[in-house]
Amino acid sequence: MEKILEVKDLKTYFYSSGKEIRAVDGVTFSLNRGEILGIVGESGSGKSVTSLSIMRLVPSPPGKIVGGEIIFAGEDLLKLSEKEMRKIRGEKISMIFQDPMTSLNPVFTIEEQLLEVFRVHKKLSKKDAREKAIELLKKVGIPEAEKRLKSYPHQFSGGMRQRVMIAMALALNPALLIADEPTTALDVTIQAQILALMKELQKEYGTSIIMITHDLGVVAEMCHRVLVMYAGRPVEFADVKTLFANPKHPYTIGLLNSIPRLNEQKKRLTPIEGSPPDLGNLPRGCAFYPRCSFKQEVCSEVKPDFRELPDRKIACHLYQGVLDDAAAS
Amino acid sequence: MMQPLLEVRNLKKYFPVVKGFGPFKEIRWLKAVDDVSFTLHKGETLGLVGESGCGKSTTGRAILRLIEPTSGEVIFQGENIIALSQKEMRKKRREMQIIFQDPFASLDPRMTVKEIIAEPLRVFKTRENIKKRVEELIEKVGLSRSHLDRYPHEFSGGQRQRIGIARALALNPKLIVCDEPVSALDVSVQAQVINLLEDLQKEYGLTYIFIAHDLSVVKHISQRVAVMYLGKIVELGPVEQIFNNAKHPYTKALLSAIPVPEPGAKKEKIILEGDVPSPINPPAGCSFHPRCSGKKPICIEVMPDLVEVEKGHVVRCHLYSGEVKRGI
Ligand SMILES: Nc1ncnc2c1ncn2[C@@H]1O[C@H](COP(=O)(O)OP(=O)(O)OP(=O)(O)O)[C@@H](O)[C@H]1O
Ligand SMILES: Nc1ncnc2c1ncn2[C@@H]1O[C@H](COP(=O)(O)OP(=O)(O)O)[C@@H](O)[C@H]1O
Ligand code: SF4
Ligand SMILES: [Mg+2]
Ligand SMILES: [Mg+2]
């Protein structure tokens, strides 16, 4: 399968009040053309910083991409000039955020914002741009699109704003769409509408999607493969069926065990004990060590590598061979 | 039958919305809670679900009179608390507490954990007793005494929610309104807080009104569930009946929309058209009719009443009321 995106050992750090925060610390994954990849993890685990890094939109200062490669369609995005990058953003890669108000401009009408996209990138005449805009709004299910063009973002509901965002993100038919918690702020019935819309558009245009979410249900329904992150690092990367049926990393196992299921008899929940990690104060070894119920001595000292197994990649000493070697010697 | 702990009768909360100004000024009413009734027995958990803005929080707050209801009765342990004076109500509130969604906003950042938990106790207890009670409470919610001198910002979301729970428990309440207590927490921590709430309920015989938008959580924790739509209860019943035998078209759509964490699971989704209508100017007839695929002519004109379809299971939908069944 053709890879559209390869992120290799990405490191993005923040520097504030003399401290170094390793928000993303060695993230590696790849995305095939036409694939939907899920990224899951606790809040603060580096999901958004990963996507901002791909877009080269990390606020700097305080942030800085300090290492790694982001190969998109054969080209390392980290080597491009800001001008080249501007062309990639929007035309080749676009992004939707959890809160559409952060990316829609409140002082311009939807029409002005959509036309701008077409006029700048596609050099369309005003009339053609307008037709395109209406077509797009219809496509994402905005009723009475012609009339709605004149509205301001605040006149739309949350669900409609997210549709407009999707319309804008897809306006130039990008090869890659990064959706950062696109439905987290929405009600389930509206979430169902938006997810159905994204799936439909993905099929129609063959767009590759990175879908960031903390909802394991959304992952199961939408994604082909999943990257699980913990404290800025990738911990498990596998095909969605493999991951849900046979999770191997203790964090993934804990996560899947902790959610109540609709189709189960009531029983006591099994949480992951302890608190999410504090990036400013991580343990020396595996970041999951304090909460892990499978931990070994080596885990407190050495960070596990992100290693390739036949059916997945995983960062855990239980699968590093270290323990086997120790047992053998 | 035992007297219920709480009986809510025809509770309404209307907010005035002013449009225009001067001679064009027009006051309209936003019917956030519109004729809500239910009963709750001791030790029970009632789940309250529905779309954002449908009136769940307002219902919870009006029951505690944190906002004054427009009309209706709230009978708590046999007494209509709506009739109480503010002063009497403050006393009554010892027995009726609330836990909020946002453990970050609901704790005063300048107070230590000890002060936060002790605050509601001050009026009722001596210093020595307060100290003992605070230590007991902090351990009850799974934290330790060493946490007492720290400030809220030094804690994670889950820990802050535990502090909020300790504070709510301080005066031995009988009823706790839990308004999205786990929504802001990481998935891995939600289960900890849910288990804690369940343990405390067992130990103290607490009664919960549990508001949440995660329906799997509501199914897990509730014995009965009420579904709200635009200020009204549209379906209420025992948890198994709501989840396995939902009647209202809105409840059905809501349940079908839940994403299931099983890749490849085949699930028929009912995708609702359109958005939630505004509660300022709700549609005539059944307020769900613009989004309902099964609507009949009568639905556009007449608001249906709640009818009992099974024991303890009520539905507000013409498909289950006499007229449509009789073919009118
Ligand atoms: N103080 C107020 N003044 C005016 N309108 C209000 C006030 N409080 C709530 N409302 C309105 O009442 C309706 C119900 O609000 P409420 O907060 O009860 O909803 P909810 O069901 O808890 O929603 P969510 O799931 O978003 O928390 C909404 O339309 C809201 O905008
Ligand atoms: N602009 C910023 N300045 C300082 N730290 C930041 C900034 N943005 C993100 N971080 C830190 O980076 C870490 C990862 O954040 P993020 O990627 O947003 O997490 P999430 O997985 O919830 O999307 C967090 O510890 C966060 O506090
Ligand atoms: S490396 Fe050790 S501590 Fe980390 S997840 Fe694996 S077993 Fe647990
Ligand atoms: Mg994020
Ligand atoms: Mg609310």
Side-chain angles (χ1 to χ4, degrees), chain A residues 40-45 141 143 156-160 183 185-193 195-197 214-224 226 239-245 251 254-264 266-276 278 291, chain B residues 49-54 142 154-159 183-196 198-199 213-223 239-240 243-244 250 253-265 267 269-278 291:
Chain A
V40 293
E42 331 238 317
S43 76
S45 62
F156 282 150
S157 69
M160 288 208 323
T183 57
L186 305 175
D187 286 311
V188 273
T189 57
I190 309 295
Q191 165 169 284
Q193 293 173 353
L195 294 181
L197 171 70
H214 60 261
D215 186 329
L216 293 164
V218 171
V219 173
E221 280 189 5
M222 295 289 290
C223 305
H224 304 115
V226 193
D239 166 79
V240 69
K241 288 208 170 111
T242 309
L243 193 91
F244 277 74
Y251 172 63
L255 207 55
L256 286 167
N257 279 340
S258 68
I259 47 174
R261 312 264 178 162
L262 280 175
N263 55 2
E264 256 176 15
K266 180 176 166 100
K267 61 173 193 332
R268 196 176 164 79
L269 297 178
T270 39
I272 302 180
E273 295 304 336
S275 303
D278 168 8
R291 306 174 75 188
Chain B
V49 302
E51 275 160 314
S52 179
C54 71
E154 298 173 63
F155 292 89
S156 68
Q159 289 171 324
S183 307
L185 304 178
D186 275 312
V187 179
S188 76
V189 179
Q190 286 187 7
Q192 294 177 3
V193 174
I194 293 169
N195 282 352
L196 173 65
E198 287 184 317
D199 292 345
H213 62 256
D214 184 332
L215 289 141
S216 320
V217 169
V218 169
K219 172 163 187 248
H220 173 85
I221 203 162
S222 314
Q223 278 87 51
V239 66
E240 315 80 44
F243 280 84
N244 300 327
Y250 173 65
L254 197 63
L255 293 175
S256 83
I258 309 171
V260 278
E262 281 166 45
K267 199 177 158 201
K269 279 215 185 316
I270 307 166
I271 306 272
L272 287 180
E273 301 286 321
D275 281 306
V276 192
S278 150
R291 300 170 81 192

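Chain A is the first sequence line, chain B the second, and so forth, proteins listed ahead of strands; every chain is numbered from 1. None of these values were measured; they are calculated from a predicted model.
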Select, from B/Ser216, B/Ala191, B/Ser256, B/Pro263, the one with the greatest count of heavy-atom pairs under 4.5 Å involving chain A. B/Pro263
Could you go step by step and tell me if B/His213 and A/Asp187 meet the side-chain contact (heavy atoms from CB on, under 4.5 Å) rule? CA-CA 8 Å; B/His213 62 256; A/Asp187 286 311; 5.5 Å; no
Which answer fits A/Leu262, side chain, backbone, both or neither, if we ask what part of it has an atom under 4.5 Å from a heavy atom of chain B? both
Residue from B/Leu215, B/Ile194, B/Asp199 scoring the most non-hydrogen pairs under 4.5 Å with chain A is B/Asp199
Should we count NZ of B/Lys269 as having more than 12 external heavy atoms under 6.0 Å? yes
With only heavy atoms counted, which part of A/Asp215 is less than 4.5 Å from chain B, the side chain, the backbone, both or neither? side chain
Contacting region of B/Glu240 [heavy-atom separation from chain A under 4.5 Å]: neither
Is B/Ile271 in contact with chain A via its backbone, its side chain, both, or neither, using a 4.5 Å heavy-atom distance? side chain
Closest heavy-atom pair, A/Lys266 versus B/Ile221, reported as atoms and distance to 0.1 Å, is NZ-CA, 4.0 Å
Relative to chain A, which of B/Gly158, B/Ser156, B/Ala257, B/Pro259 shows the most heavy atom pairs under 4.5 Å? B/Pro259
Which atom names give the shortest non-hydrogen contact between B/Arg291 and A/Thr189, and what distance separates them? NH2-OG1, 3.6 Å
Search all heavy atoms of B/Gln192 against all heavy atoms of A/Ile272 and return the closest pair with its distance. NE2-O, 2.6 Å
Test item: A/Leu269 and B/Glu198 side chains (from C-beta on) under 4.5 Å apart, heavy atoms: no
Contacting region of A/Val188 [heavy-atom separation from chain B under 4.5 Å]: both
Do A/Pro260 and B/Lys219 have side-chain heavy atoms sitting under 4.5 Å apart? no
Check whether A/Gln191 gets within reach of chain B through its side chain, its backbone, both or neither, counting any heavy atom under 4.5 Å. side chain
Counting heavy-atom pairs closer than 4.5 Å to chain A, which one of B/Val239, B/Val193, B/Ile258, B/Val217 comes out on top? B/Ile258
Is there a side-chain contact between B/Gln190 and A/Ser258, using heavy atoms and a 4.5 Å cut-off? no
Tell me the closest heavy-atom pair linking B/Val260 and A/Glu221, and the distance in Å. N-OE2, 3.2 Å
Quick one: pull up CG in B/Leu272 and CD1 in A/Ile190 and give me the separation to the nearest 0.5 Å. 7.5 Å
Compare every heavy atom of A/Arg261 with every heavy atom of B/Pro261, then report the nearest pair and how far apart it is. O-NH1, 3.2 Å
